[in-house]
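Report on one structure; see the data block that follows.
Below, read A as the first sequence line, B as the second, and so on, with proteins coming before strands; counting in each chain starts at 1. None of the values given here were measured: they were computed from a predicted structure.
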Amino acid sequence: MTTTLTEIKHLPTLALLVCCEYLAIFKKTVAMHEVFLCRVAAHPILRKDLNFHVFLEYNQDLSVRGKNKKEKLEDFFKNMVKSADGVIVSGVKDVDDFFEHERTFLVEYHNRVKDASAKSDKMTRSHKNVADDYNRIGSSLYALGTQDSTDICKFFLKVSELFDKTRKIEARVSADEDLKLSDLLKYYLRESQAAKDLLYRRSRSLVDYENANKALDKARAKNKDVLQAETTQQICCQKFEKISESAKQELIDFKTRRVAAFRKNLVELAELELKHAKVTDNF
Amino acid sequence: MEIADRISFLYIFCLFAMKECCNSCYMLHMATGSSNFFLFFWFFFWKQSSPSSPEPASLPAEDLSTNSNGPKPSEIMLDGDREDLFAEATEEVSLDSPERDPILSPETTPAVTPVTPTALIAPRMESKSVTAPVIFDRSREEIEEEANGDLFDIEINVSDPEKVGDGMNAYMAYRVTTKTSLSIFHKNEFSVKRRFSDFLGLHSKLATKYMHIGYIVPPAPEKSIVGMTKVKVGKEDSSSTEFVEKRRAALERYLQRTVKHPTLLQDPDLRQFLESSELPRAVNTQALSGAGILRMVNKAADAVNKMTIKMNESDAWFEEKQQQFENLDQQLRKLHASVEALVCHRKELSANTAAFAKSAAMLGNSEDHTALSRALSQLAEVEEKIDQLHQEQAFADFYVFSELLGDYIRLIAAVKGVFDHRMKCWQKWQDAQVTLQKKREAEAKLQLANKPDKLQQAKDEIKEEIEEWETKVQQGEKDFEQISKTIRKEVGRFEKERVKDFKTVIIEYLESLVQTQQQLIKYWEAFLPEAKAIA
């Protein structure tokens, strides 16, 4: 009898609780979407893309077809080829110091970000576990309070309330941590991966260029297909220079963006932690 | 190296277990008195376990002098003044106290070698022994305010765990310091060295004397073969120091709770435990010793009895209280499980935070933008400090909250035991009544019988028996009333104590939570300007 009464009493707050949790999850998922769209919009070339405009402006439902099995398999093979190729290409020493430096930096950074992201995930999960425990303790104390006959029962009820509140705060702290820190790190994990891919593409084009050069020399030596080799070489050269230029720009942008994003998130993280700690303190 | 450690641990564990088996085999041999079977096994185990231990050698000398047919409770010779106490306190109870085995003469203590680094234990103890007297001080004040007005002035500390001896015979000795102004003690301040089995011996003596008349005797901390084996092996990692610290705190709480009980405080055994520098070794507390096996058999018999006794409860108060205690027990167990989970998760959180701090530091190192790099290393530092905080909080969680709950769960088991004793007492009374009835019927039959020559003799016999049983019935009734009264008083006292304990402990725990939060504020406030400074 008593258990059903306590359940009923908790019901409105339960609905509220579920609401809050849903909002928290929603906020988290959407934040990354926002970052992505802002990034695309800020990019001088990508912002002019037609697909992007359609995405932003079209009133009705976009029918986006997900990748079917065949395309997924293609993707998988492409990835394998790419990673194998990447190993080959990475052996080539770069002429440009800037890119060389960037490459070593990126490789190391990528690994470290991966590590930090994993650890931060674990930390957030532990935090959530602690919040859950608070919840259970709060409900046990509540049961103790209702069943006890001495004057300690009021005390127990109060303490259980306190635990409830603390739990909410802890849950929010862990959610915020997740949002600011873990997500940031995850995002930069993928960004650095993308940057690495860019460098790879550039190296690939460099290798192609060098191969084209060698082919041209060979053709000139043999005096066969010289014109074709020349055109190939010209194309490769152009491609390479173009990619180098845009890559340089991109990488510099990457750095600035990264710095700004970290700053924003770390500041927000600190402020939120402070806010929550102060609230708990006020109890 | 890991494997070698584990193997040596297992080896010592086996030796330890074999030693226990050795003792129990010897006891069994003496109990059966017949076959050489057990004697052979005893010999075998003895040779296996410790070629240089003095204990088995002393056992034959002592036991042969006192028993030839196995231990009989009423024939045990005890030393000195305790004989009288036992005699008067236990004359009615011939059924349920098996723990009066021969108490050995004190063996020469082996050389004391303070091998364990007390430095390792000291820092943690400092933080914890500060809190323990704090709890006690508050409750002491409250006790002094109590209406019965007895000046309760005794303070007990358990400290300085020291490893004594080596290998299989090693044990931890704790220093028990008492400060008091009560007149029953000879001095105002004194301290003695005791080992864990001494505490268990004290508890079993008190339980024998007081449980069956209705007093709630606080239970002693539990045995742990795994933990003790670790200590014996000499493993000095954090888990064994944690184990020692946990045990020390538990022993301190046990003694404090025991002396708070006004009746138990007057007990001479307790006094001897606290005062005398040499205490006879309580061998019968070993799990597989003769006493241990008898204990187990009795426990099984009790359980069966409980199911068959249908008590006609005339007093609704008892039924209500029993139900209450059942509920409380369940609730406390649930809460205890949740708090243990919290401790575990918080330890995890602390470990993960530390890992993250290191990772963030590395990230800061590889970052080439200077301000960001500095901010990241600051973040790493903050997280490290937070990790320390979490660790301390986990300690508080455990020592303050979780152990209290564990203690109370065991206390409630003791309370239930007391209720069971009352039931047994009632049963005895009822049995006496039934027997009296039968004797009266026999007398009536004899009246109607037709054999005059034997009649007078038989009638006289029956009359004597009837008188005897009448007194027994009266005694049974008196006992039952006495035990009911005592239990009522005890339960009232227990409830008061419980309320006080819980309030103090929970308030202390909440204070620790608040403190953690305040520290967190400080750390994040320090970090914020750094984060803002990233250009």
Side-chain angles (χ1 to χ4, degrees), chain A residues 101 105 108-109 111-113 115-120 122-127 129-130 132-141 143-144 147-152 155-156 159 162 166 181 185 255-256 258-260 262-263 265-274 276-281 283, chain B residues 324 327-328 331-332 334-339 341-346 348-353 355-360 362-363 365-369 371-372 375-376 379 382-383 390 495-496 498-499 502-503 506 510 513-514 517-521 523-525 527-528 530-535:
Chain A
H101 167 75
F105 167 70
E108 198 188 353
Y109 190 75
N111 286 335
R112 299 226 174 132
V113 165
D115 188 44
S117 168
K119 302 255 166 67
S120 147
K122 270 208 277 200
M123 188 166 80
T124 332
R125 248 202 314 261
S126 302
H127 232 127
N129 281 340
V130 169
D132 283 341
D133 281 335
Y134 275 168
N135 187 20
R136 257 178 264 135
I137 293 181
S139 60
S140 300
L141 280 175
L144 257 179
Q147 292 197 359
D148 208 318
S149 57
T150 58
D151 50 339
I152 203 176
F155 180 68
F156 274 146
V159 175
L162 195 77
T166 326
L181 200 53
L185 289 171
K255 182 156 155 172
T256 344
R258 184 177 74 232
V259 168
F262 264 80
R263 178 180 191 282
N265 279 341
L266 286 178
V267 167
E268 283 177 3
L269 172 71
E271 285 176 347
L272 277 172
E273 295 260 0
L274 265 179
H276 290 313
K278 284 198 179 130
V279 170
T280 330
D281 198 33
F283 291 151
Chain B
Q324 252 179 26
N327 286 344
L328 189 61
Q331 297 298 333
L332 281 183
K334 245 197 329 202
L335 187 59
H336 185 60
S338 311
V339 175
L342 177 65
V343 171
C344 179
H345 285 144
R346 219 192 268 280
E348 233 179 66
L349 177 61
S350 140
N352 288 340
T353 317
F356 175 70
K358 280 201 205 99
S359 171
M362 294 224 331
L363 191 63
N365 275 342
S366 70
E367 175 67 60
D368 51 359
H369 186 271
L372 182 56
L376 279 174
L379 179 67
V382 166
E383 293 286 349
H390 281 309
E495 294 276 294
K496 254 192 278 180
R498 177 170 74 93
V499 168
F502 268 82
K503 261 201 199 144
I506 290 189
L510 289 176
L513 280 179
V514 168
Q517 290 302 115
Q518 283 176 337
Q519 277 297 89
L520 268 178
I521 289 180
Y523 291 150
W524 284 111
E525 270 179 353
F527 175 68
L528 193 55
E530 275 292 337
K532 286 204 172 130
I534 302 176

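When all heavy atoms of A/Arg112 and B/Met362 are compared, the pair lying nearest together is NH1-O, 2.7 Å.
Under the rule for a salt bridge (charged side-chain N to carboxylate O under 4.0 Å, His left out), the partners of A/Arg136 that lie at least two apart in sequence or sit in another chain are A/Asp133. Considering only residues two or more places apart in sequence or on other chains, A/Lys119 meets the salt bridge (charged side-chain N to carboxylate O under 4.0 Å, His left out) condition with A/Asp115.
Atom OG of A/Ser126 and atom CD of B/Glu348 lie 4.5 Å apart (nearest 0.5 Å).
Counting heavy-atom pairs closer than 4.5 Å to chain A, the top residue among B/Ala351, B/Ser350, B/Cys344, B/Ala355 is B/Ala355.
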